[in-house]
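Working notes, structure below.
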Amino acid sequence: MTLLIKDEYPEKLFREDGKRLDGRDLKELRPIKLEVGILNNADGSAYLEWGNNKIFAAVYGPREVHPHHLAKPDKGILRVFYRMATFSVFERKRPAPGRREKEISMIITDCLEPVLFLELYPGTSFEVFIDVLDADGGTRCASTTVAALALADAGIPMKSLVTSVAVGKIDGKIVVDLSGVEDKAGEADLPCAITWFNEEISLLQFDGDMDLNELDTFLKLAKDALKEIYEMQLNALKSKYITIQEKYNGGQVKQ
Ligand code: UDP
């Protein structure tokens, strides 16, 4: 586990050979593994490992809204529940959802809503349950990315996928995809998300200290990383259907 308590933050976030502490180059993503359709009891699901982050997303809907008073007569609603398991971080997290989880749930809702056709589903809800089992920086971005896949896996009509990544600044250098220690000990963290159907940024948060003139460089770097992750999302969706196709090849079930 790379999480450290504050007093233990490393003084330097780069090694002598110029690489980051986990051996990455400035623009290099942590290893990402994506899988869809892994939970039998959800309408759609996806699982992600992104560096040390491990996250499940399960989707239900369209279905009846509970509690009923939340239902909207003219459109469906999207509800996102981002939760971190109590064992997901170095210091035990209280099991009850805190302000941070509620804020992140709201942010992810805002990122995903633009790609759904909610106006076609009045009086119903789409629910996305996100469970972070292991957390190591960038969980809001990883959760948005895996939640979009789970929505697609549920067969819910979407304008496009949504992809998210953070860029930031550590020891004066701009980097992609901050790890937990880089997030805490670095100067700036800029999580962003993109909706691919219109290539618009649907999330841009900022935490830390940076020159606004650098924003273009940050966004350019983010866009390249987002494209890389988008390809992985598409491959994860394709591989589910390739597996099904192979299993039910021409109506003949392969043993
Ligand atoms: N974290 C933690 N305890 C908490 C919340 C977060 O240890 O109660 C860690 C976790 O690894 C998380 C990181 O701090 O990924 C950064 O948290 P932040 O709030 O910046 O959100 P994130 O980067 O995960 O989107």
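Counting starts at 1 for both ligands and their atoms, following the listed order. Numbering starts at 1 and runs along the sequence shown.
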Please check whether Arg140 reaches ligand 1 - meaning an N/O of the residue sits under 3.5 Å from an N/O of the ligand, judged on distance alone. yes
Where the closest heavy atom to atom 15 (O) of ligand 1 is concerned, which of Ala142, Ala166, Gly137 has it? Gly137
Geometry only, no angles: is Lys184 polar-contacting ligand 1 at N/O separations under 3.5 Å? yes
Is there a path from Met158 to Leu34 through hydrophobic residues (I, L, V, M, F, W, Y) whose side chains come within less than 4.5 Å of each other? yes
State, yes or no, whether a side-chain contact exists between Asp153 and Val59 at a heavy-atom distance under 4.5 Å. no
Location of contacts on Asp136 toward ligand 1, heavy atoms closer than 4.0 Å: backbone
Between Thr163 and Gln233, is there a side-chain donor-acceptor contact under 3.5 Å, judged purely by atom types and distance? yes
Min N/O separation Gly138 to ligand 1 under 3.5 Å: yes
Nearest non-hydrogen contact to atom 10 (C) of ligand 1 from the set Ala135, Gly98, Ser143 belongs to Ala135
Below 4.0 Å from ligand 1: does a non-hydrogen atom of Met84 turn up there or not? yes
Parallel, tilted or perpendicular, as decided by the 30° and 60° cut-offs, for the rings of Phe126 and Tyr121: perpendicular
Under 3.5 Å between any N/O of Asp189 and any N/O of ligand 1: does that happen in this structure? no
Examine the side chains of Trp50 and Asp177 and answer whether a donor and an acceptor come within less than 3.5 Å of each other. yes
Contact check: Arg100 vs ligand 1, nitrogen or oxygen atoms, below 3.5 angstrom: yes
So, is the end of the Lys19 side chain (NZ or CZ) under 6.0 Å from the ring centre of Phe14 and within 45° of the ring's axis? no
Plane angle bin for Phe129 and Tyr60 - parallel if under 30°, tilted between 30 and 60°, otherwise perpendicular: perpendicular
